Amino acid sequence: MDHTITTTKPHRRRLLVTSRIGVVPGVLTFLFILSWAGFSLYQANSPAAVSASAGTNEFSSGRAISHLQAITKQPHPPGSSEHAAVREYIVQALRGYGIEPEIQMATVIDRQRDPVLLAGTVRNVIAKLQGTENSKAILVAGHYDTSPQAFGASDDGAAVVAMLESVRGLKAGPPLKNDVIFLFTDAEEEGLLGANGFMAEHPSARDVGLVLNFEARGNGGPSIMFETSNNNGWLIPEFAKAAPHPVANSLSYEIYKRLPNTTDFTVFKNRGLDGLNFAYIDGLSSYHTPLDNIQRINEGSLQHHGSYLLALTRHFGNLDLRQIRLTNAVYFDVLGSSLIHYPYSWIVPVTILVLILVVALVVVGVRAKHLTVRGIAFGCLAFVLTTAIIAAFAHFLWALIFKLRYESEVRPLGETYYSNLYFIGFIALAVAVTTALYNLFRRKTSAANLAAGGLLWWTILMLLTSFYLPGASYLFTWPLIFSLVGLTVSLALKQRNHHSAAIAILLISAVPGLALLIPLTYQIFVGLTLNSIGVVAVLVMLQLGLLIPHLDVMARANQWSLPVLAGLISVGFIAAGVLITSFDRQHPKPNNIFYALNADTGKAVWASVDRKPDEWTSQLLSANPENRPLSEFFSPNLSSARVRQNSAPAASISPPQIVVVNDQNSGEVRLLRLRITSSRMAPVLSLYVDSKAEFLSVMVNGTRLDAGNTAMLRNNKQVWNMRYVAPPPEGVEVALEFKAQEPLKMRVVDQSYSLPEIPNLTIARPANTIPSPNGLSDATLVSKTFSF
Ligand SMILES: [Zn+2]
């Protein structure tokens, strides 16, 4: 931009003079905000990896990684031989550290699940470090099973090896007062069965005073302490004292409480235990796929897990854990370096302070003639209008992109490999739209009025969260306090013609807001994915609501350069996201194919839930496969779903078996005891009853369920289904007590997690594809019917 051009027209010259005064502060303001925002984002990441040569008292991700190499050679879902091998590795590693672990084996039944009863044989690994003066035990938990196709480096191998390396670290130091129980849970991916089994049956469950649970939903990013038990007012200050690099806030506690997501921690919490739950969530596209492997894990995230784990276990290991409940706390980290926290009882006084500051701003502003009531009202309207426009625009633009570009591909939770391109694109879009609209609004009223209007909305949101979402109140309170003071002081300074000082105050007052909101906006984007881009847009707008005076300073340099620059960045990044359509080894295409053999008819099919065959699935499926239900293999409740399929050669696989152990008839009621086995030792057995009968009770491996204690028998007495995970070699014993006139028809389907070998058929999955994470990819199902 060339500002040296002169013109003879007087009003034109005046304009240029103003812009010459404005250009330096404007550019400085822009650079200051951009660099501070970037720094805030950078600071909120995971800590650096620590090499294997670190001191024996330290947690070292380098040492933990060598364990991780050993347990991530293959996917290891419950019931697979690889799963048994990983369990054996954990046992040997613990023995290597001088602890004799216990394997807890139990049949666990999820009584509340519908429409298929979920049950399984679980094998938890439990290692106990005896304390010197135990008050209550610390339970450290992570799951060692994986979803069927994931190597599980992050989910949840990082937790497993962080636990092993911490056992080493604790053994190297002085003993703790409290007992520490390391619980390597089984079958987390199968309805949290392992954690359920521990809580329901293991005697140590009664000794636990505090739980630390570790999880991952991706392959990188900071390990966030995202969930706590209720009444965390004692836990949080202690967490703040001990956590070396805390990333946590009470907003995520409020959000997660309302989401249906579950981890093992859900089981512990529901059973009345107190504790903290950690997870890292960046890189969602690797979640539950073969991309969750050791090559792609961010070692810093593993270090973050472990540094919390060791430090917190040492800290809580020497505290009295008998009474640890106290009214909830508000808490948030400042750039991952320290945790600010205070009790809920502070919320009201702080809220009153904010209201006083609002009054002060209005009084000072009106007296100095910078603010008018009409102007502030216009500012309020402008803010809400802009927010609505941006949120709606972002939401519908993403919906359109998704429809045109992604609908035919499997995208877990709306994730794409290029979501960060869209993140930058949508943020820039929000900046472009806001700055452009505010250029228009400033023609109607002063920047001070617009700024005050924005802050008034912030005040309303602060009041609402203080009363209805107290854990989220900090997010509005603290940035607002600084912005109110900043705007008030800057207006007073401007009145006395101290323009540079006014701008300096504005910049300083923006620092806390950016430090809190920028990392949180990214965290929320990663957490909620592109599906909730509208929410992210609102957060960006909130941030911009604090920066209206700053936008004005920038606009005085040149009012259209920022909207145009942001607009170009937005178009560039969104277009890049849309246009990158090819898949490669680094970004493979997820797809689905499975094999289903009906052992009664000897007929088999290749089948897929994908919309159309691709270069891999078309090796087995024709271009126009039949699209119909595959009812022989699924629950009658689910089997109306259509699946693309065509016939396949029948592989020689021995089908599942049912043996009658006992069959008794007493009057109307029949008691049938059966033993169900998978002859090929498949990791999952499903049992479907296909004829109508009134079930009175069902016994699974000796555990009796009746209508009083299971959702299925209560809601759905006519059809009875069960999915049994990791059946033992001798099979599962099921006793059915029912009323029926006719013979009982049943189906058993066993399921393994690889495609069968078929003579004379050589097929290979291309390197730029992966099985999609839906539990059926690359599976082999064999179905057989029985009648008793
Ligand atoms: Zn997990």
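Fair warning: this is a prediction, and the values are worked out from it, not measured in the lab. In listed order, ligands and their atoms are each counted from 1.
A donor-acceptor contact shorter than 3.5 Å links the side chain of Asp156 to the backbone of His143.
A salt bridge does not link Asp155 to Arg217: none of the charged nitrogens lies less than 4.0 Å from a carboxylate oxygen. Between Arg723 and Glu190 there is a salt bridge, since a side-chain N of the basic residue sits under 4.0 Å from a carboxylate O of the acidic one.
Here Phe198 and His202 bring their ring centres to under 6.0 angstrom of each other. The aromatic ring centres of Phe278 and Phe226 sit 6.0 Å or more apart.
No hydrogens or angles considered: a donor-acceptor pair under 3.5 Å links the side chains of Ser61 and Glu299.
Counting only protein N, O or S atoms closer than 2.8 Å to the Zn ion (ligand 1) gives 4.
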